Amino acid sequence: MKKTMTKDTMLAHLGRKVATENRIINTPVFHASTITHKTLESWENRNRDLYKDMAYGRYGTPTSFALQEAMAEIEGGDRALLYPSGMAAIAASILAFVNAGDHILVCDVVYAPTRKYCDGVLTKLGVETTYFAPGIGSGIAELIRPNTKLVYVESPGTHTFEIQDIPAIAEAAHKAGCVVLHDNTWATPLYFDSFNKGVDVSIHAATKYVVGHSDAMLGIVVTKNEHFAPLSAVTSAMGYCVAPDDAYLGLRGLRTMSVRLKQHHKNGLAVAEWLEKRPEVSRVLHPALPGNPHHALWKRDFTGASGLFGVVLKDVPKPALAAMIEGLDLFSIGASWGGYESLVTTCYPPRTVEAWNPEGPLLRLHIGLEDPADIIADLEAGFERMNKLKAAA
Ligand SMILES: *Cc1c(COP(=O)(O)O)cnc(C)c1O
């Protein structure tokens with residue numbers, strides 16, 4: 001049965017063993033610090049398989065184990081670990097594979113706090129970071145030094161949505177003995193198959209589409225067995241743990257992730273296509289648009305798109321932009337994404353390899369589960385407000 005389960009079926013059925021045993025549907029929230037043992041032998045062996053066996057509350061309870069098991073299997077990895085945020089998952093994953101004196105390669109379009117971690121914490125620990133252009137592909141080989149331990153990709157890139165050739169990057173990285181980490185938050189395990197594309201460690205800000213309702217912070221990292229030990233060692237030494245209530249929200253979100261993502265894909269693309277035709281728009285940064293420079297790679301490696309993309313407007317005075325955005329009824333201005341509602345932000349992505357000089361303001365849109373016709377009408381009214389102010393200026 002298991003071998004033939006598709007990801008949709010897995011989403012509905014994995015991680016429910018404890019629930020089924022108790023004749024209910026959802027794995028309950030197990031609150032615990034102390035885990036008791038019936039024998040001395042069990043007590044003295046409690047740390048044999050942390051994050052799988054019941055050892056101590058910090059290492060999880062059946063609620064977190066259920067989410068770990070489900071996520072690992074859906075993504076095609078062996079093990080998963082939970083973190084109090086996506087950023088915590090990133091920090092632990094990188095730290096697990098570096099030592100003082102090492103060098104790492106990180107894509108220039110990485111989530112900005114990840115860059116901050118590399119430039120700040122890693123520099124302090126004596127680990128050097130070199131950033132690479134998102135289009136580097138197998139050319140990454142030229143940047144690999146004898147002390148390079150890790151290659152970090154994030155595809156599509158934060159705010160600018162470049163698709164990276166992960167199979168080519170991974171092939172070169174593996175030849176040089178480097179481990180490949182990927183921030184797979186945008187695509188989720190449903191739309192990018194990390195482990196079949198050469199990734200060794202797949203990182204998720206589960207805060208976004210896994211939780212899916214903008215009401216919890218959560219990180220998940222999925223690995224194969226061979227990379228689990230260093231990750232587990234850092235995770236336990238740093239004392240990372242996740243509240244069972246938040247693990248429960250992650251599990252609950254997983255159940256509907258596939259249907260939500262299908263709708264995000266459809267709605268996002270409909271809005272992106274409409275935006276492309278607007279005179280106020282310079283370009284739409286959405287890899288699923290046929291005219292996008294990253295479309296071919298996206299089509300080759302991804303099986304869907306989520307609801308998050310960028311749009312570069314033609315130059316417009318700030319008050320006119322503010323009038324457009326602040327008057328939107330269906331969009332809130334706010335960070336994070338992956339919930340059921342639409343969001344808009346302005347973005348100023350830091351880039352050090354290839355200059356980012358957009359023609360006008362860069363907006364990031366998260367298209368939620370509302371009717372796309374309503375979203376488009378909201379944006380259209382926004383452009384009218386913008387144009388009115390622009391004409392008056
Ligand atoms: C939001 C985000 C993160 C960080 O996740 P948090 O749960 O907010 O800490 C990491 N990577 C990407 C691509 C993100 O969008």
Side-chain angles (χ1 to χ4, degrees), residues 64 67 71 75 80-95 106-121 131 134 152-164 166 181-192 194 199 201-222 235 238 240-243 245-247 249-250 253-254 257 261 264 268 285-287 302 305-310 332-339 341 343-351 362-368:
S64 43
L67 178 56
M71 194 70 176
E75 193 154 41
L81 289 175
L82 307 187
Y83 297 86
S85 69
M87 193 54 228
I90 292 165
S93 301
I94 296 176
L95 195 59
V106 176
C107 67
D108 197 33
V109 294
V110 75
Y111 179 62
T114 305
R115 178 187 282 271
K116 218 176 196 176
Y117 176 81
C118 295
D119 294 346
V121 174
Y131 295 96
Y152 189 102
V153 289
E154 182 185 318
S155 181
T158 276
H159 295 329
T160 40
F161 300 90
E162 298 88 347
I163 301 291
Q164 287 134 68
I166 293 179
L181 276 58
H182 172 45
D183 184 331
N184 199 20
T185 300
W186 184 85
T188 83
L190 300 182
Y191 291 165
F192 185 81
S194 279
V199 171
V201 178
S202 190
I203 305 167
H204 302 271
T207 306
K208 313 288 168 56
Y209 286 119
V210 174
V211 168
H213 295 71
S214 310
D215 52 2
M217 304 297 300
L218 187 66
I220 306 179
V221 179
V222 182
T235 304
M238 302 294 281
Y240 284 127
C241 66
V242 165
D245 302 274
D246 293 341
L249 289 175
L254 265 193
M257 191 164 76
L261 274 174
H264 284 297
L285 312 179
H286 191 313
F302 290 70
S306 58
L308 191 80
F309 63 92
S332 306
I333 305 173
S336 205
W337 44 277
E341 80 297 357
L343 295 170
V344 57
T345 58
T346 50
C347 315
Y348 307 91
R351 300 287 183 256
L362 169 63
L363 304 184
R364 186 183 73 177
L365 300 182
H366 179 253
I367 303 304

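When a ligand or atom number is given, it counts from 1 through the structure's own listing order. Remember, it's a predicted structure, so these values are computed and weren't measured experimentally.
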**Q** Between Y240 and Y83, what is the ring plane arrangement, given parallel below 30°, perpendicular above 60°, and tilted in between?
**A**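 Correct class here is perpendicular.
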**Q** Describe, in one word, how the ring planes of W337 and H366 are oriented to each other, choosing from parallel (under 30°), tilted (30 to 60°) and perpendicular (over 60°).
**A**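 Rings of W337 and H366: tilted, as their planes differ by 30° to 60°.
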**Q** I'd like to check the side-chain hydrogen bond (donor to acceptor under 3.5 Å, both in side chains) partners of T188; sequence neighbours left out, ordered by chain and number.
**A**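 Scan of T188 (side-chain hydrogen bond (donor to acceptor under 3.5 Å, both in side chains), adjacent residues dropped) gives none.
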**Q** Answer yes if the side chains of T114 and E154 hold a donor-acceptor pair under 3.5 Å, and no otherwise.
**A**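 The answer is no; no qualifying pair exists.
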**Q** With under 30° as parallel and over 60° as perpendicular, where do the rings of W186 and H286 fit, or are they tilted in between?
**A** perpendicular
**Q** Start with the C-alpha gap between S332 and E341, add the side-chain angles, then the distance that decides, and say whether side chain to side chain donor-acceptor pair (under 3.5 Å) holds.
**A** CA-CA 8 Å; S332 306; E341 80 297 357; over 6 Å; no
**Q** Could you pull out the N/O contacts under 3.5 angstrom between ligand 1 and the surrounding protein atoms?
**A**
unit_1: ligand 1; atom_1: 7 (O); unit_2: G86; atom_2: N; d: 2.7
unit_1: ligand 1; atom_1: 7 (O); unit_2: T207; atom_2: OG1; d: 2.5
unit_1: ligand 1; atom_1: 9 (O); unit_2: G86; atom_2: N; d: 3.2
unit_1: ligand 1; atom_1: 9 (O); unit_2: M87; atom_2: N; d: 2.9
unit_1: ligand 1; atom_1: 11 (N); unit_2: D183; atom_2: OD2; d: 2.6
unit_1: ligand 1; atom_1: 15 (O); unit_2: K208; atom_2: NZ; d: 2.7
unit_1: ligand 1; atom_1: 15 (O); unit_2: W337; atom_2: NE1; d: 3.2

